[in-house]
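Throughout, protein chains are lettered first and strands after them, A, B, ... in sequence-line order, and every chain is numbered starting at 1.
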Amino acid sequence: MTIFDAGPALEESFFQHKAPTIARGLIGATLLINGVGGRIVETEAYDISDPASHSFGGQKRRNAVMFGPPGHAYIYRIYGLHWCLNAVAGEAGSAVLIRALEPLEGIGQMVVRRGISDPRLLCSGPGRLCQALGIDGSLNGAPLGDAPFQLFAPGGESPITEGRRIGIRVGVDTPWRFGLSNSPFLSRPFAAEGFAAG
DNA sequence: GCGCTGATTCCCT
DNA sequence: GGGAATCAGCGCG
């Protein structure tokens, strides 16, 4: 019943890699929650040595899921009102933030949840994506390989652009943001980098 | 099209 | 009590 262009279900072992490897490998993968979702076009990696990461400074109650088994969902509330979805990676305290996807399945339901119809604005940002897919804190710690999640490997080669991460105040020079090159569904375009004068 | 600002909850200090 | 991996609406030009 695959009516979208996707590969086989992602192996659980995929998540035993380091966060940047997983972040890159998830570009082009298909993510569904209760049958609603699409193709991942933007991710960011975080790990325990990274001052921008919730795991920086060690395990706490809030970030405990980041220190748990790989391939599970780490979901937290940001700025008091939005939810953000991460995939826990192989190293303790590392995860991949899912920032944007291209809506493919259940678009009607996304439109209802978001209250807008422009497909480019349905899932282009971590908060928007969670609202469109109906994700909240009740799914924190849930395995991404089981219902209500479905994850499929990329259908083919995806041209990937790298850059600096967004919305953080420290660790801004770490180029751990990955995106499907020139996708109209990115939360923000990738800036032309490498021209910083002094 | 840009930038500023308010919204709102949880966790750590 | 303050800040946070964000979003949408507003005013301005």
Problem set entry | Between CD1 on residue A:I98 and SG on residue A:C130, distance to nearest 0.5 Å | 9.5 Å
For this session: First locate atom OG1 of A:T161, then atom CG of A:L186, and finally report the distance between them rounded to the nearest 0.5 Å.
Result: 8.0 Å
For this session: Please work out the stems of DNA chain B from pairs that are Watson-Crick or G-U wobble with both distances under 3.5 Å, keeping only runs of three or more consecutive pairs.
Result: B:1-7 with C:6-12, B:9-12 with C:1-4
Exercise. With sugar-phosphate meaning primed atoms plus P, OP1 and OP2, does A:R165 contact a base, only sugar-phosphate, or nothing at under 4.0 Å between heavy atoms?
Worked result: nothing
Exercise. How would you list, by chain and number, every residue that makes a side-chain hydrogen bond (donor to acceptor under 3.5 Å, both in side chains) with A:D136, sequence neighbours excluded?
Worked result: A:S138
Does any part of the side chain of [Y], heavy atoms only, come nearer than 4.5 Å to the side chain of [X], both counted from C-beta?
X	Y	value
A:L151	A:F15	yes
A:L26	A:F14	yes
A:T43	A:I22	no
A:L139	A:F149	yes

Exercise. Does anything in residues 7-17 of chain A pair up under side chain to side chain donor-acceptor pair (under 3.5 Å), and if so which pairs, sequence neighbours excluded?
Worked result: none
Problem set entry | Range on DNA chain C touched by chain A - first to last nucleotide, heavy-atom distance under 4.0 Å | C:dA4 to C:dA8
Problem set entry | Contact list for residues 82-102 of chain A, test salt bridge (Lys or Arg N to Asp or Glu O under 4.0 Å), sequence neighbours left out | A:R39-A:E102, A:E42-A:R99, A:E44-A:R99
For this session: Taking only heavy atoms on the protein side, list every residue of residues 107-131 of chain A lying under 4.0 Å from any atom of DNA chain B, sorted numerically.
Result: none
Exercise. Using the C1' atom in both, what is the distance from B:dC10 to C:dA8, to the nearest Å?
Worked result: 22 Å
For this session: Strictly below 4.0 Å, heavy-atom distances to any atom of DNA chain C: list the hits from residues 84-97 of chain A, or just say none.
Result: A:N86, A:L97
Would you please name every residue forming a side-chain contact (heavy atoms from CB on, under 4.5 Å) with [X], sequence neighbours left out?
X	result
A:A19	A:A45, A:A89, A:S94, A:V96
A:Q59	A:N63, A:A64, A:F67
A:P143	A:H72, A:D146
A:I116	A:R114, A:L121, A:L122

Problem set entry | Donor + acceptor pair across side chains of A:S124, A:R128 (<3.5 Å) | yes
N/O contacts under 3.5 Å, protein versus nucleotides 7-10 of chain B?
unit_1 : atom_1 : unit_2 : atom_2 : d
B:dT8  : O2     : A:Y79  : O      : 2.5
B:dT9  : O4'    : A:G80  : O      : 2.9

Exercise. Applying the side-chain contact (heavy atoms from CB on, under 4.5 Å) test to A:L85, which of A:L97, A:N140, A:L133, A:L31 qualifies?
Worked result: A:L31
